[in-house]
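Sequence lines set the chain letters: A, B, ... in the order given, protein chains first and strands last, and positions in each chain run from 1.
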There are 2 protein chains.
Amino acid sequence: MAPGDDSRTATEGRRTMFAAERRQRILELMHANGAVSLRDIAQAVQSSEVTVRRDLRILEADGLLNRHHGGATLPGALATLPGALSREPTYAQKAQVAAAEKAAIAELAASLVEDGDAIVVGAGTTTQLFAQQLTRHAELAVVTNSLLVAQALANAPRVEVVLTGGTLRGAILALVGSAAERSLAGLRVRRAFISGNGLTAERGVSTPNMQVASVDRALAAAAEEIVVLADHTKIGVDTMVQTVPTDEIDHLVTDDAAPRDVLDELANRAVRLHVARP
Amino acid sequence: MAPGDDSRTATEGRRTMFAAERRQRILELMHANGAVSLRDIAQAVQSSEVTVRRDLRILEADGLLNRHHGGATLPGALATLPGALSREPTYAQKAQVAAAEKAAIAELAASLVEDGDAIVVGAGTTTQLFAQQLTRHAELAVVTNSLLVAQALANAPRVEVVLTGGTLRGAILALVGSAAERSLAGLRVRRAFISGNGLTAERGVSTPNMQVASVDRALAAAAEEIVVLADHTKIGVDTMVQTVPTDEIDHLVTDDAAPRDVLDELANRAVRLHVARP
DNA sequence: TCGTTTCTGATCGGATCTGATCGAATAGTA
DNA sequence: TACTATTCGATCAGATCCGATCAGAAACGA
């Protein structure tokens, strides 16, 4: 015994985390990112993957999250996570395509928004990233048909988020149908930020789904100016249903890998170009 | 029993620390660090771990802290890590209250839903769990103002989800406001499953927020029968705004820890009771 | 001074938590 | 469809922690 001995190995400060503390931390990670891979959690809480797996099992039993191969998501939510989870392959895959370009486009597009604006935001992986950039704006009013856009702005204190009603399209977590279009009828905002699956100089923005196209048209009709967000993989691509013709597009935000000739032709048709460099 | 009673006669001038003094220091340590390990406490107050353990047990009985394996934390906040990203403590905390009971309630309530039904589901942690139980139902139509309910059912292939429009209330991820209420105006479904913050026999369901209350009323008005989901922590509790009076409640789904007298009184008023056992 | 009460510390058995490993299941790819 | 690489689940082992019991020390009253 050596109570007065002061040559102790000072373990203080880096106290090991309690189990409850660790689980709370996991929940915070979940709410911050929507979805987290098991490996990332293990690293974040400085525990083994086995322990994290156990925690996830407990938290799932309490209904606080959903487990998947490779990680977990918030109940219902799905993620734009590097590679891991794939309950929803289509969406996760879409988010992976040109991820860096999309992030750069989102950031550049956000600079087109000013404090006090009222805007409309469509559904899509790019517009979701775009919405995340808007959390710091003040006195913003955002109308959207995308649950992911709405969630991205849910905690922004000075942004008012209005969701259109409508039928949920699960694959993209967006609202479609006549109810969605009707709720946009009397609306008038400054700018609409929409995406799509393809954009050509001849036919403008297009998407393969008719319901989605119909809503996108209604979104566009509610705005004075239309801003299209499209990474280079979509430029020059035409899909089934036209949503916004070229002459109605006011701005295009894309990245520097987009084919030059299509951009030139778009510029000739009075589309103002904003090229992001990832 | 008087082992915990330590209102000792103050023998002044002694150098040994009194029990009350030691416990006070423990509380100071807790408030300074949020969470402290048992070993650190023992070293800080120059006592054995056994004694500290005893103190923690007493302090926990007084509700002044929560014990865990290896130490203790403050009752309210577990989020104490430097640079913690507690984005949404309120919702996560709410979900943890009576989590097992809520899960059992959700499961029992789901048995009240039949294939082919059209139902309305309100916002809340319990209704979210309830929605997760519905994914296996077929030909179901679900109308909700909760983003979490909608997301829980997003991937259910045979469930049609309709979201009301409205302004997003970020803290609970639900849609409120006149737009939400208007979109429910012409609707008629078989049953409404709603929650709330309190339920008494005299005043029925209540919630502390007026906007939420208004939407809940609109949800209830759209259904032939009203089913209330409330765990025992809400039974006998009255909050500010009444949403559904008792005589309009057709079913109550709760757990077996609910106070007997309130349940009896509710049964007297024609509320059918469903008691889940976690 | 003595006995009683209360508090503190030590020890031991049992319980809990954590980490590692291996077979089984799952997702992605050709 | 078949194959391969992860990932999951179950089991086991080690370490830590908790609770209960017992013994010693200090304080109080007679």
Item to check | Rounded interatomic separation in angstrom, taking CD from E21(B) and C1' from dT8(C) | outcome: 16 Å
Checklist entry - OP1 or OP2 of dT18(C) less than 4.0 angstrom from a side-chain nitrogen or oxygen of R22(A), does that happen here? => result yes
Checklist entry - In whole angstroms, how far is the P atom of dG19(D) from the NE2 atom of H68(B)? => result 13 Å
Checklist entry - Rounded to the nearest 0.5 Å, what separation is found between the OG atom of S47(B) and the CZ atom of R25(B)? => result 9.5 Å
Checklist entry - Would you say dT26(C) has OP1 or OP2 under 4.0 Å from some side-chain N or O of R67(A)? => result no
Checklist entry - Just how far, in rounded Å, is C1' of dT16(C) from CD1 of I58(A)? => result 11 Å
Next on the checklist: So for the helix from dT1(C)-dA30(D) to dA30(C)-dT1(D), with five pairs setting each end axis, what is the inter-axis angle to 10°?
Outcome noted: 30°
Item to check | Proximal nucleotide (of dC18(D), dG19(C), dT8(C)) relative to the L38(B) side chain | outcome: dC18(D)
Item to check | Proximity to the side chain of R54(B) - top-ranked nucleotide from dT18(C), dG19(D), dT21(D) | outcome: dT21(D)
Item to check | Partners meeting salt bridge (Lys or Arg N to Asp or Glu O under 4.0 Å) with E160(B) (sequence neighbours left out) | outcome: none
Close N/O contacts between protein and nucleotides 21-25 of chain C (under 3.5 Å):
none

Checklist outcome for this item: Of the listed dC8(D), dA10(C), dT7(D), the closest approach to the S48(B) side chain comes from dA10(C)
Next on the checklist: Under the rule for salt bridge (Lys or Arg N to Asp or Glu O under 4.0 Å), what residues qualify as partners of R57(A), not counting sequence neighbours?
Outcome noted: none
Checklist entry - Think R39(B) has a side-chain N or O under 4.0 angstrom from the OP1 or OP2 of dC17(D)? => result yes
Next on the checklist: Can you confirm whether the side chains of N209(A) and T207(A) place a donor and an acceptor under 3.5 Å from each other?
Outcome noted: no
Next on the checklist: Taking the minimum atom-to-atom distance to the side chain of T51(A), which one of dC17(D), dT18(C), dC18(D) wins?
Outcome noted: dT18(C)
Checklist outcome for this item: Sorted by chain and residue number, the salt bridge (Lys or Arg N to Asp or Glu O under 4.0 Å) partners of R277(B) (sequence neighbours excluded) come out as none
Checklist outcome for this item: salt bridge (Lys or Arg N to Asp or Glu O under 4.0 Å) filter on D256(B), not counting sequence neighbours, yields none
Checklist entry - In whole angstroms, how far is the C1' atom of dC17(D) from the CZ atom of R57(B)? => result 12 Å
Item to check | Spacing between D55(A) atom CG and dT16(C) atom P, to the nearest angstrom | outcome: 16 Å
Checklist entry - Going by atom types only, do N66(B) and T73(B) share a side-chain donor-acceptor pair under 3.5 Å? => result no
Checklist entry - Got a second to check how far L59(A)'s CG is from L27(A)'s CG, nearest 0.5 Å? => result 5.0 Å
Checklist entry - Quick one: CD1 on I26(A) to CD1 on I41(A), what's the gap to the nearest 0.5 Å? => result 5.5 Å
